[in-house]
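Inspection log for the structure reproduced underneath, given as structure tokens.
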Amino acid sequence: MESRVVHGATLRTVSTDEQAVQKLLKERLRAKHRIQRKEFIEKNQDIDYSNFNKQVLLQIDKEYERILNQIDANKPIISAYWPTKFELDCKSLLKEIQSQNKWRICLPVTQGDKYPLIFREYKEGDQLEKGEKFKVLEPTIDKEQLKPHLLIVPLIAFTSDCFRIGYGKGHYDMTLETLGDVKTIGVAFESQKIQKQEGYIPEAHDKQLDCIITEKDIYFP
Ligand SMILES: Nc1nc2c(c(=O)[nH]1)N(C=O)[C@@H](CNc1ccc(C(=O)N[C@@H](CCC(=O)O)C(=O)O)cc1)CN2
Ligand SMILES: Nc1ncnc2c1ncn2[C@@H]1O[C@H](COP(=O)(O)OP(=O)(O)OP(=O)(O)O)[C@@H](O)[C@H]1O
């Protein structure tokens, strides 16, 4: 069986063999970058996020008016994530977004492998609880379920044209499909960037993010 893959303007036909190779390569890159990310964060415990936060807030602001004009509610909805020990720590960013009081904030809640994420409201100080399968903290079931207009997305590795590798459950790919019209901002350290020579080829279901912000740069597809 063969499938047609559209990436930007390129239309390629990919054989099943080639698909298997892509999958394998992605698995290897995921494993390698997962270790690299952990090592980077362990070595850089005192990261100053203030400049990074500013860049993200700038991008979020660019989306704000546009979204506000398209919705009935008086606050657009943004999702971030609650970081694990080995992820970019977006807690200070969350605080800043909260203090602006312009957005309703939500966090992802996992529904199990192979299911898209849902989102529940988060306010500073809310009690969070461990998801059933992963060691990620999530809002409790009593919090309102929301549909975000803008997503801040965690990742293990990324390419300069805004493809991402995550934990490999397809959570975000499936979620983006179900959410439809949603803007995505990936956040990462520069050290998470996949180099050309690593040979990564995106799979048919992979979706490009609208931008990726690192402590040094900002990437667009
Ligand atoms: N902080 C955070 N929340 C998130 C994600 C994420 O990548 N990071 N997700 C992205 O899709 C969704 C959850 N998906 C996940 C899938 C797998 C694992 C996982 O394998 N966790 C390991 C190790 C965690 C670590 O490296 O510290 C574990 O629980 O043992 C975690 C989340 C939604 N929430
Ligand atoms: N839209 C989708 N519908 C159904 N299955 C999907 C979809 N997107 C991805 N998958 C499946 O999920 C699995 C993992 O996908 P992938 O390797 O792209 O995960 P990832 O994007 O790196 O990680 P994350 O879990 O953070 O999204 C793959 O087996 C893939 O077939």
Side-chain angles (χ1 to χ4, degrees), residues 1 3 5-7 14 16 18-42 45 49 78-94 105-122 126 128-140 143 145-148 151-159 161-180 182 184-189 192-194 198 200-210 212:
M1 225 232 304
S3 73
V5 184
V6 184
H7 288 133
V14 179
T16 347
E18 216 179 321
Q19 283 175 37
V21 171
Q22 281 177 7
K23 231 182 171 44
L24 211 68
L25 191 62
K26 194 178 192 177
E27 278 312 317
R28 286 172 56 178
L29 282 173
R30 195 192 320 278
K32 175 179 146 192
H33 279 270
R34 202 168 161 157
I35 295 168
Q36 265 179 222
R37 184 179 71 170
K38 183 170 182 276
E39 285 174 354
F40 177 85
I41 290 177
E42 277 173 340
Q45 292 289 318
Y49 283 102
I78 188 167
S79 165
Y81 61 96
W82 194 263
T84 65
K85 266 202 305 206
F86 304 123
E87 290 179 316
L88 184 145
D89 187 349
C90 61
K91 293 201 288 292
S92 59
L93 176 66
L94 271 169
I105 301 175
C106 57
L107 295 175
V109 175
T110 41
Q111 304 277 85
D113 280 14
K114 309 289 169 204
Y115 287 98
L117 303 164
I118 59 161
F119 299 85
R120 291 191 188 278
E121 183 155 36
Y122 168 75
D126 275 0
L128 298 171
E129 64 181 21
K130 258 182 203 165
E132 244 169 68
K133 274 195 79 136
F134 309 111
K135 295 174 199 145
V136 171
L137 292 173
E138 304 176 339
T140 47
K143 298 297 182 292
Q145 192 176 329
L146 298 173
K147 184 172 183 284
L151 291 182
I152 294 177
V153 182
L155 51 90
I156 288 177
F158 69 96
T159 63
D161 54 351
C162 294
F163 283 101
R164 77 180 266 285
I165 295 182
Y167 281 118
K169 304 289 177 198
H171 282 139
Y172 272 100
D173 288 323
M174 282 186 274
T175 306
L176 292 179
E177 214 151 275
T178 46
L179 286 177
V182 64
T184 50
I185 299 178
V187 289
F189 296 110
Q192 289 171 252
K193 187 162 77 186
I194 299 169
E198 290 181 277
Y200 172 67
I201 304 163
E203 294 178 273
H205 64 259
D206 284 327
K207 292 196 170 32
Q208 276 162 298
L209 301 177
D210 293 309
I212 292 175

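Whatever order the structure lists them in is the order used to number ligands and atoms, beginning at 1.
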Task: For R30, atoms of ligand 2 separated by under 4.0 Å from a heavy atom - done: 17 (O), 20 (P), 22 (O)

Open item on the list: Out of all atoms in ligand 2, which are within 4.0 Å of some heavy atom of D206? Include the element for each.
Closed with: 18 (O)

Task: Winner among Q111, K135, R164 once heavy atoms are compared against atom 29 (O) of ligand 1 - done: K135

Task: Candidate with minimal heavy-atom separation from atom 21 (N) of ligand 1, of H171, K169, R34 - done: R34

- [ ] Pick whichever of V109, L88, L117 has a heavy atom sitting closest to atom 33 (C) of ligand 1.
- [x] L117

- [ ] Indicate the atoms forming the closest heavy-atom contact of I165 with R30, along with that distance.
- [x] CG2-NH1, 3.4 Å

Task: Nearest option to atom 23 (O) of ligand 2, as decided by whichever heavy atom of G168, A204, P202 sits closest - done: G168

Task: Atoms in ligand 2 with a heavy atom of K114 nearer than 4.0 Å - done: 12 (O), 13 (C), 29 (O)

Task: Atoms in ligand 2 flagged as close to R164, the criterion being non-hydrogen separation under 4.0 Å - done: 21 (O), 24 (P), 26 (O), 27 (O)

Task: Nearest candidate to atom 24 (P) of ligand 2, where distance is taken over non-hydrogen atoms, out of A157, G170, P116 - done: G170

Task: ligand 2 atoms in contact with K23 (distance to a heavy atom under 4.0 Å) - done: 28 (C), 29 (O)

Open item on the list: I need the atoms of ligand 2 closer than 4.0 Å to a non-hydrogen atom of M174, numbered in the order shown.
Closed with: 1 (N), 2 (C), 3 (N), 4 (C), 6 (C), 7 (C)

Task: Contacting atoms of ligand 2, where contact means under 4.0 angstrom from a heavy atom of K26 - done: 16 (P), 17 (O), 18 (O)

Open item on the list: On a heavy-atom basis, I'd like to know which of F86, Y167, W82 is closest to atom 15 (C) of ligand 1.
Closed with: Y167

- [ ] Looking only at non-hydrogen atoms, find the nearest pair between D161 and Q208 and report the distance.
- [x] O-NE2, 3.0 Å

Task: Any P154 heavy atom less than 4.0 Å to ligand 1 - done: yes

Task: E87-ligand 1 polar pair, N/O distance under 3.5 Å - done: yes

Task: ligand 1-proximal atoms of K85, by part, heavy-atom distance under 4.0 Å - done: neither

- [ ] Just go through D173, V153, I165, L117 and tell me whose heavy atom is the nearest to atom 21 (O) of ligand 2.
- [x] D173

- [ ] Tell me which part of F134 gets within contact of ligand 1: side chain, backbone, both or neither, using heavy atoms under 4.0 Å.
- [x] both

- [ ] Indicate, as side chain, backbone, both or neither, the part of E177 found under 4.0 angstrom from ligand 2 when only non-hydrogen atoms are considered.
- [x] side chain

- [ ] Specify whether F134 and H171 have parallel, tilted or perpendicular ring planes, treating 30° as the upper limit for parallel and 60° as the lower limit for perpendicular.
- [x] perpendicular

